[in-house]
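Since the model is a prediction, treat every value here as computed from it, not as a measurement.
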Amino acid sequence: MKDTAKHQGLRNQLAKLLEEKGITDSAVLAAIRKIPRHLFLNSSFEDFAYQDKAFPIAAGQTISQPYTVAYQTQLLQVKKEDKILEIGTGSGYQTAVLVALGAKVYTVERQNELFKITSALLPKLRIQPKHMSFGDGYKGLPNHAPFDSIIVTAGAPIIPKPLMAQLKIGGRLVIPLGEEEQVMTMLIRKNATQFEKHELGEFRFVPLLEDKN
């Protein structure tokens, strides 16, 4: 698992591109420069790892476009020691970015094949989320709630109510909402019953699947 000076140079170029596209959070850009994205992809895609594109991974899923990862992360306004719930571990790349920012990451993946791959990969890269689990992201992790913020990395037709309930007052929930195309949506919890909603442009994600049993 090599990470070379060439890879570092490509990451620097990618961070510069994301800055030109409007990512302003210097800590997020530093995390993009730090995390070896090529190690989260099938080796056949390695030459393309630092393009600003999504790529296929196991179980019919994708590793999100770097801009999308940076954009969602920037919306969270991550502070060190923030307790963050991630719905959709996927390749683990988004997890790694959040860990690099000093967050305590609790992450859930519903595709068992992906969960096994990623839970083996992250320790090899010395990336340690606080908690990884295989399960239904719609339910969140009530036993570990409340969370400073919640990030959903798959398109959802609705905002799952359990996730809203697991958000701290003042916390942020960032979720792509919609069926075919999604609108990036941010909820800020104002009090026990009220949320402030922001709609922040169109994106395209794989669907967030709910367990039917």
Side-chain angles (χ1 to χ4, degrees), residues 1 31 35-43 45 49 54-66 68-73 75-76 78 82-101 103-167 172-178 182 184 203-213:
M1 300 180 93
I35 302 298
R37 187 173 185 253
H38 64 284
L39 299 181
F40 293 84
L41 287 166
N42 184 299
S43 57
F45 290 118
F55 285 101
I57 55 173
Q61 304 299 295
T62 59
I63 181 172
S64 291
Q65 180 183 352
T68 305
V69 171
Y71 186 75
Q72 282 195 282
T73 306
L75 288 175
L76 293 179
V78 180
D82 271 2
K83 191 175 170 185
I84 297 179
L85 173 60
E86 177 191 33
I87 304 300
T89 316
S91 68
Y93 179 67
Q94 173 72 75
T95 316
V97 168
L98 293 170
V99 170
L101 290 168
K104 295 175 179 175
V105 183
Y106 294 71
T107 184
V108 184
E109 174 56 54
R110 79 173 298 281
Q111 301 279 358
N112 200 25
E113 180 188 359
L114 259 185
F115 174 72
K116 286 176 178 171
I117 292 168
T118 303
S119 54
L121 174 67
L122 291 179
K124 287 180 187 169
L125 302 178
R126 296 182 179 173
I127 294 162
Q128 294 180 303
K130 196 79 177 164
H131 176 86
M132 290 185 74
S133 65
F134 167 61
D136 183 356
Y138 268 78
K139 295 172 183 171
L141 288 173
N143 293 342
H144 296 280
F147 296 96
D148 293 297
S149 51
I150 299 173
I151 180 171
V152 179
T153 64
I158 55 156
I159 303 173
K161 287 209 162 48
L163 300 187
M164 294 169 71
Q166 291 169 37
L167 190 64
R172 294 174 168 229
L173 167 60
V174 174
I175 181 169
L177 276 185
Q182 292 80 35
M184 192 66 74
F203 288 78
R204 190 179 283 274
F205 283 77
V206 293
L208 178 65
L209 301 175
E210 183 176 11
D211 284 348
K212 298 299 182 193
N213 50 17

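To the nearest 0.5 Å, atom CG of residue L141 and atom CG of residue L85 are 5.5 Å apart. The OG atom of S91 sits 12.0 Å away from atom CG of N42, with the distance rounded to the nearest 0.5 Å. Atom CG of L167 sits about 7.5 Å away from atom OG of S149, to the nearest 0.5 Å. Here F40 contributes atom CZ and L122 contributes atom CG; the two are 6.0 Å apart, rounded to the nearest 0.5 Å. To the nearest 0.5 angstrom, K130 atom NZ is 15.0 Å from T107 atom OG1.
Ring geometry for F147 against Y106 counts as perpendicular: the plane angle is over 60°, on a 0 to 90° scale with 30° as the lower cut.
Scanning both residues, A31 and A100, for their nearest heavy atoms gives CB-CB, 4.0 Å. Residues A96 and I127 come closest through the heavy atom pair CB-CD1, 3.6 Å. Contact between A58 and I117 at its shortest, heavy atoms only, is CB-CD1, 3.7 Å. Summarising the geometry of M184 relative to P176, their closest heavy-atom pair is SD-N, 4.2 Å, with the distance given to 0.1 Å. When every heavy atom of I175 is checked against every heavy atom of A156, the shortest pair comes out as CD1-CB, 3.9 Å. Of all heavy-atom pairs between R110 and F134, the closest is O-CE1, 3.1 Å.
Looking only at distances, no side-chain donor or acceptor of D82 sits under 3.5 Å from a matching main-chain atom of I84. Judged by distance alone, the side chain of K83 and the main-chain N or O of H144 form a donor-acceptor pair under 3.5 Å. Here the side chain of R172 pairs no donor or acceptor atom with the backbone of L76 at under 3.5 angstrom. A donor-acceptor pair is defined here as one N or O able to donate and one able to accept, closer than 3.5 Å; no such pair exists between the side chain of S64 and the backbone of V69. Judged by distance alone, the side chain of Q166 and the main-chain N or O of K139 form a donor-acceptor pair under 3.5 Å. The backbone N or O of I87 sits less than 3.5 Å from a side-chain atom of T153, completing a donor-acceptor pair.
Side-chain contact between L39 and K124: absent, with no pair of heavy atoms (C-beta onward) separated by less than 4.5 Å.
When the options Q128, E86, E109 are evaluated for a side-chain hydrogen bond (donor to acceptor under 3.5 Å, both in side chains) with T95, the one that passes is E86.
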message: Run I151 and L98 through side chain to side chain contact (heavy atoms under 4.5 Å, CB included) and show every step you take.
response: CA-CA 10 Å; I151 180 171; L98 293 170; 4.1 Å; yes
